[in-house]
Amino acid sequence: MSKKNLGAFVGGMVVGSTLGTIIGLLVAPRTGRETRQLIKKSADALPELAEDLSSSVQLQADRLSESALHNWDDTLTRLREAIAAGVEATQLEAQQIKHSREVSSDSSATSSVSDND
């Protein structure tokens with residue numbers, strides 16, 4: 001930006017700020033004293049408002065944490081049940097395979113004995 005453009009920009013900012021301030025004072029709905037009192041009351045209420053907001057956020061965080069913990073417990077319970085069912089199914093399948101091998105072995109032995117007779 002050239003010096004000429006920079007000067008024009010700064011000049012425009014100064015004129016705009018001045019005009020905005022003058023117009024704001026002329027059309028303000030309250031006197032300066034009333035406005036300052038309103039600002040002071042608002043500033044005095046800020047700590048209490050911040051404390052209320054902080055309490056509300058803490059309460060929501062506690063609820064969320066409690067809900068997450070409950071959901072986690074439910075998930076763990078379902079996972080344990082699924083693992084137990086998987087282990088049981090695996091053991092049952094292993095028993096069935098063992099039994100079918102025994103039956104197959106017995107059939108082979110019986111047929112061998114029959115063939116020799």
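Just so we're clear, the structure is a prediction, and the values are computed from it rather than from any experiment. Heads up: numbering here begins at 1 and tracks the sequence.
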Under 3.5 Å, which donor-acceptor pairs do the side chains of residues 13-20 form with other protein atoms, sequence neighbours left out?
residue : atom : partner : partner atom : Å
Ser17   : OG   : Met13   : O            : 2.9
Thr18   : OG1  : Val14   : O            : 2.8

Expected list for residues 72-95: side-chain donor-acceptor pairs under 3.5 angstrom, two or more places apart:
residue : atom : partner : partner atom : Å
Thr75   : OG1  : Asn71   : O            : 2.9
Thr77   : OG1  : Asp73   : O            : 3.0
Thr90   : OG1  : Gly86   : O            : 2.8

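The salt bridge (charged side-chain N to carboxylate O under 4.0 Å, His left out) check on Lys98 picks up nothing, with sequence neighbours excluded. Residues meeting the salt bridge (charged side-chain N to carboxylate O under 4.0 Å, His left out) test with Asp62, sequence neighbours left out: none.
For the atom pair CD (Gln96) and OG (Ser100), the distance works out to 8.5 Å, reported to the nearest 0.5 Å.
No more than 12 heavy atoms of other residues, nucleotides or ligands sit less than 6.0 Å from atom CD of Glu66.
Applying the salt bridge (charged side-chain N to carboxylate O under 4.0 Å, His left out) rule to pairs touching residues 42-57 yields Lys40-Asp44, sequence neighbours excluded.
Other residues sharing the hydrophobic cluster of Leu64, ordered by chain and number and joined by side-chain separations under 4.5 Å: none, the residue standing alone.
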